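The model shown is predicted, which means the values in this text are computed figures rather than measured ones. Chain letters run A, B, ... following the sequence lines, proteins first and then strands; every chain starts at 1.
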Number of protein chains: 2
Amino acid sequence: MSDTGPRPSGENLLFLTDEQLSKGIEAMFFAYRGFTADPDRILAEKGYGRAHHRAIHFINRSPGTTVNNLLSILGVTKQSLNRVLRTLIEDGLVESHVGSRDRRERNLNLTDAGRHLEHELSTAQRERMRGAFRSAGPEAVSGFRMVLEAMMDGDMRRHYKRLKESG
Amino acid sequence: MSDTGPRPSGENLLFLTDEQLSKGIEAMFFAYRGFTADPDRILAEKGYGRAHHRAIHFINRSPGTTVNNLLSILGVTKQSLNRVLRTLIEDGLVESHVGSRDRRERNLNLTDAGRHLEHELSTAQRERMRGAFRSAGPEAVSGFRMVLEAMMDGDMRRHYKRLKESG
DNA sequence: TTGGAATGTCAACAAGGCTGACATAAAGTT
DNA sequence: AACTTTATGTCAGCCTTGTTGACATTCCAA
């Protein structure tokens with residue numbers, strides 16, 4: 001269970017030692033820090049946190065989305081999300097309108113101010129991603145996405161693919 | 001700044017649209033959720049959180065490490081780390097010994113119980129990583145690591161490489 | 001011996017998770 | 001029409017994990 005030497009996977013000739021896997025784990029940990037670092041700085045200036053960023057990101061990505069859909073993407077409780085949404089609506093970054101087909105629902109959209117902050121955040125994060133993609137090269141980018149997609153839970157992969165197609 | 005069509009990078013012929021970069025961003029977000037899901041379940045059963053996991057992981061990776069080194073790897077305040085370390089020491093998962101060269105320092109090590117929990121956590125996380133690596137293939141794994149390494153901040157990349165070499 | 005570094009501890013606070021309970025409106029079902 | 005379910009919002013309270021600030025201790029080094 002915890003031998004250290006290399007061994008064949010038997011499936012596709014991949015030799016995956018615990019050591020190699022641990023390096024992948026540490027790579028994820030350190031990279032995620034970099035991934036969030038730039039938006040975190042911008043958010044901190046304005047008194048927001050990562051939770052606000054996530055809400056803004058996915059509302060921007062699926063304009064008119066409902067609270068329930070956002071809940072299932074973000075994987076938090078409605079109380080948590082509601083606290084964040086309330087401040088964003090109060091601050092005039094997000095608009096909430098009663099749904100047209102189903103009036104129990106709320107359709108969420110960014111205001112101009114919301115789109116402005118979204119752009120600021122996503123630009124910073126994209127620049128980091130662009131730098132990483134450029135320095136690693138196109139083949140690496142494809143591998144990066146394949147591994148990440150394979151690492152997702154089923155529900156999250158569903159959301160990911162849906163957004164990928166719609167985008 | 002926000003045009004949508006493809007455009008040349010001019011450096012290595014990579015065409016990186018904002019859309020492609022956004023997909024990379026979402027891939028990171030959803031994949032990180034999967035990355036932490038299995039350890040989170042185990043930790044929750046035992047009343048610990050991710051902060052405990054991180055401490056246990058890096059103490060295991062660098063036995064005898066000091067508090068200061070851990071602080072710089074984890075990027076939190078000593079008060080935050082200390083709270084976590086205190087519970088781990090009280091629970092008998094971590095040992096803290098006065099340093100030999102410098103007796104102001106504390107050398108941190110896992111106890112047998114600590115190693116046991118570490119193994120349980122890392123096995124779960126490695127299995128997820130192994131599955132992702134296998135399904136994506138060896139070239140994808142190499143690309144995955146290149147992109148992640150390029151995404152890190154300088155300090156984190158230093159820590160990452162040091163651990164990679166020592167491992 | 002004095003200054004600074006490494007560590008630990010106390011207190012207070014905030015963000016952002018969580019659960020549970022309850023309210024309301026709208027839609028669906030019988 | 002009556003009832004149930006769904007979508008949302010809200011209140012209260014709790015936990016983890018981050019923060020800052022203040023202060024004590026220990027001990028290396030100049």
Give a yes or no on whether the backbone of [Y] and the side-chain of [X] come within a donor-acceptor separation of less than 3.5 Å.
X	Y	value
B:T111	B:G114	yes
B:S62	B:I59	no
B:S142	B:P138	no

Inset, instruction - Return no unless some side-chain N or O of A:H52 is found under 4.0 Å from OP1 or OP2 of C:dA15. - result: no
Inset, instruction - Indicate whether OP1 or OP2 belonging to D:dT8 is found under 4.0 Å from a side-chain N or O atom of A:N82. - result: no
Legend entry - Sub-4.0 Å heavy-atom contacts from residues 64-80 of chain B onto DNA chain C, ordered by number: B:T66, B:V67, B:N68, B:K78, B:Q79
Inset, instruction - Check each residue of residues 88-109 of chain A for a non-hydrogen atom within less than 4.0 Å of any atom in DNA chain C, then write out the ones that pass by number, or none. - result: A:R101, A:D102, A:R103, A:R104
Between atom [atom1] in [X] and atom [atom2] in [N], what is the gap in whole Å?
X	N	atom1	atom2	answer
A:R50	D:dG18	CZ	C1'	11 Å
B:R33	C:dG16	CZ	C1'	14 Å
A:L81	D:dT10	CG	C1'	14 Å
B:R41	C:dC18	CZ	P	15 Å
B:L85	C:dT7	CG	P	11 Å

Inset, instruction - Apply side chain to side chain contact (heavy atoms under 4.5 Å, CB included) to B:H97 and B:R106, showing your working. - result: CA-CA 5 Å; B:H97 295 298; B:R106 299 292 181 275; over 6 Å; no
Inset, instruction - Step through it carefully: locate the ring centre of B:Y32, locate the ring centre of A:F35, and say whether they are under 6.0 Å apart. - result: no
Inset, instruction - Kindly say whether the aromatic ring centers of A:F58 and A:Y160 come within a distance under 6.0 Å. - result: no
Inset, instruction - Please check if atom CD in B:E139 has more than 12 non-hydrogen atoms from other residues, nucleotides or ligands closer than 6.0 Å. - result: no
Inset, instruction - Starting from the C-alpha separation in whole Å, work towards a yes-or-no answer on salt bridge (charged side-chain N to carboxylate O under 4.0 Å, His left out) for A:R158 and A:D153. - result: CA-CA 9 Å; A:R158 254 189 33 241; A:D153 268 341; over 6 Å; no
Inset, instruction - Look at all strands and tell whether B:R83 reaches a base, only sugar-phosphate, or nothing, counting heavy atoms closer than 4.0 Å. - result: base
Legend entry - Over all atoms of both residues, closest heavy-atom pair of A:R145 and B:G24: NH1-N, 4.3 Å
